[in-house]
Amino acid sequence: MFQIKVEYDFDAAHALRGYGGKCERLHGHRFRVVVAVDAQGLDELGLAYDFVELKKHLREVAEGFDHISLNDIPAFDKINPSSENIALTICRGLEPLLARDPVSIAFVEVWESPESCARFTPS
């Protein structure tokens, strides 16, 4: 089994509705998204999956989150734009883009600071 990982950063603001603390107020982060895919083998070039393709797919899903208030977009109008929900939303967005490829999503991590992240692992 091989695992390929790529990262993508975006800057955004969010507010956690109902949180009851300072994170309930609008504030911003430089979010770092890490996506890993698993591949059973290598292709004829010796690649498990092309980094360029995976990064392109991640950018396609996550670039709409850059330099906005996440609370203002449809993905987060009913759920909080927590790191957990951002990871889940990105994973769900990647699934159809990777459906025909010989890989499966291992995890999506969303880091909202150098010390704090949430990881979603699809079952």
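Note: hydrogens, waters and symmetry copies are ignored here, and every other heavy atom, side chains too, is used. As the structure is a computational prediction, the values presented were derived from the model and not from experiment.
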Tell me whether [Y] is reachable from [X] by hopping between hydrophobic residues (I, L, V, M, F, W, Y) whose side-chain heavy atoms are closer than 4.5 Å.
{"X": "F65", "Y": "F120", "result": "no"}
{"X": "F107", "Y": "V103", "result": "no"}
{"X": "Y19", "Y": "V110", "result": "no"}
{"X": "W111", "Y": "V108", "result": "no"}
{"X": "I4", "Y": "L58", "result": "yes"}

When rounded to the nearest 0.5 angstrom, what distance separates [atom1] in [X] from [atom2] in [Y]?
{"X": "F76", "Y": "N85", "atom1": "CZ", "atom2": "CG", "result": "6.5 Å"}
{"X": "R32", "Y": "S83", "atom1": "CZ", "atom2": "OG", "result": "13.5 Å"}
{"X": "L54", "Y": "D101", "atom1": "CG", "atom2": "CG", "result": "9.5 Å"}

Minimum side-chain heavy-atom gap [X]-[Y] below 4.5 Å:
{"X": "H57", "Y": "Y8", "answer": "no"}
{"X": "D38", "Y": "Q3", "answer": "yes"}
{"X": "R17", "Y": "N71", "answer": "yes"}
{"X": "L98", "Y": "Y49", "answer": "yes"}

Here's a test for you: under side chain to side chain contact (heavy atoms under 4.5 Å, CB included), which of V35, V33, I90 qualifies with V61?
I90
Where [X] and [Y] come nearest, the two heavy atoms and their spacing:
{"X": "K5", "Y": "A36", "answer": "CG-CB, 3.4 Å"}
{"X": "A75", "Y": "T89", "answer": "CB-CG2, 4.1 Å"}
{"X": "E95", "Y": "R92", "answer": "OE2-NH1, 3.3 Å"}
{"X": "I86", "Y": "P81", "answer": "CD1-O, 3.6 Å"}
{"X": "V6", "Y": "F51", "answer": "CG1-O, 3.8 Å"}
{"X": "A13", "Y": "L26", "answer": "CB-CD1, 3.7 Å"}

Please enumerate all residues that pass side chain to side chain contact (heavy atoms under 4.5 Å, CB included) together with I68, with sequence neighbours excluded.
L70, I73
Co-members of the apolar cluster containing L47 [side chain, <4.5 Å]
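Grouped by the 4.5 Å side-chain rule, L45 form the rest of the cluster around L47.
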Between [X] and [Y] (side chain of the first, backbone of the second, donor and acceptor by atom type, cut-off under 3.5 Å), is there such a pair?
{"X": "E60", "Y": "K56", "result": "no"}
{"X": "E7", "Y": "V34", "result": "no"}
{"X": "D50", "Y": "V52", "result": "yes"}

Ring pair (Phe, Tyr, Trp, His ring centres under 6.0 Å) partners of H29, counting only residues at least two apart
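H14, H27, F31.
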